[in-house]
Amino acid sequence: MTAALNQSADESSKLDLKTTYRTTLRMVERLHRQLLDVIKDELDRNGRGDINSVQALLLFNIGDEELSAGELRSRGHYLGSNVSYNLKKLVEGGYLHHQRCASDRRSVKVSLTEAGRTTRDMVADLFERHLVSLGPVAELTADGLDDVNNALARLERFWADHIRYRL
């Protein structure tokens, strides 16, 4: 009888984990799309139809650094063709400076122009405004977000290990 109860509990626990994991997968995907929608809304409010939300987020993530496309990819922000296409568009739009690396002529380093810094600041201001209402509106605290970040970091590590070690 005890073995049957333990097996039933294990199956129930496995089902709960499966349901919860699938919910997490959908939530991660939905949150990323929604973040891009929030940035798009901010761009629209500021009359910025010349740049899309992915490009604005890319500028925000470059910040004050000088980076290569490979460095942006390795940080996990973007897919290869996605980052190359968007970097090209941002250079053409005057948001990024680009120059070939002295040590590796195949590699290009990018940094923000004044227009790029203006857009980066607009996105940073948006995120700063969010900080004011996270607690009162979303009922999120630093501890709560820290728990979410820790769980997502463990999930990221699990996925990276899955690829690296072919689990």
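- In this structure, the side-chain hydrogen bond (donor to acceptor under 3.5 Å, both in side chains) partners of K109, at least two apart in sequence or on a different chain, are E71.
- For D161, the side-chain hydrogen bond (donor to acceptor under 3.5 Å, both in side chains) partners two or more places apart in sequence, or in a different chain, are R164.
- Partners of E114 under the side chain to side chain contact (heavy atoms under 4.5 Å, CB included) rule, at least two apart in sequence or in another chain, are R117, T118.
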Solution key, residues 125-132 side-chain donor-acceptor pairs under 3.5 Å, sequence neighbours excluded:
from: R129; atom 1: NH1; to: E42; atom 2: OE2; distance (Å): 3.4
from: R129; atom 1: NH2; to: E42; atom 2: OE1; distance (Å): 2.8
from: R129; atom 1: NH2; to: E42; atom 2: OE2; distance (Å): 3.1

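- Taking the side chain to side chain contact (heavy atoms under 4.5 Å, CB included) definition, one finds that A115 meets it with Y95, T113, sequence neighbours left out.
- A search for salt bridge (charged side-chain N to carboxylate O under 4.0 Å, His left out) contacts involving D41 returns R45, not counting sequence neighbours.
- Residue pairs that meet the salt bridge (Lys or Arg N to Asp or Glu O under 4.0 Å) test with at least one member in residues 47-56, sequence neighbours left out, are R48-D50.
- Applying the side-chain hydrogen bond (donor to acceptor under 3.5 Å, both in side chains) criterion to D64, with sequence neighbours excluded, gives R120.
- Partners of D44 under the side chain to side chain contact (heavy atoms under 4.5 Å, CB included) rule, at least two apart in sequence or in another chain, are K40.
- Not a single side-chain hydrogen bond (donor to acceptor under 3.5 Å, both in side chains) links R22 to another residue, sequence neighbours left out.
- Annotation: Q34, atom CD; neighbour count of heavy atoms from other residues, nucleotides and ligands within 6.0 Å does not exceed 12.
- When the side chain to side chain contact (heavy atoms under 4.5 Å, CB included) test is applied to R166, no partner is found at least two apart in sequence or on another chain.
- Salt bridge absent: R26 and E29 never bring a charged side-chain N and a carboxylate O closer than 4.0 Å.
- Summarising the hydrophobic clusters (Ile, Leu, Val, Met, Phe, Trp, Tyr; side-chain heavy atoms under 4.5 Å, direct or chained), the residues clustered with M27 are L31.
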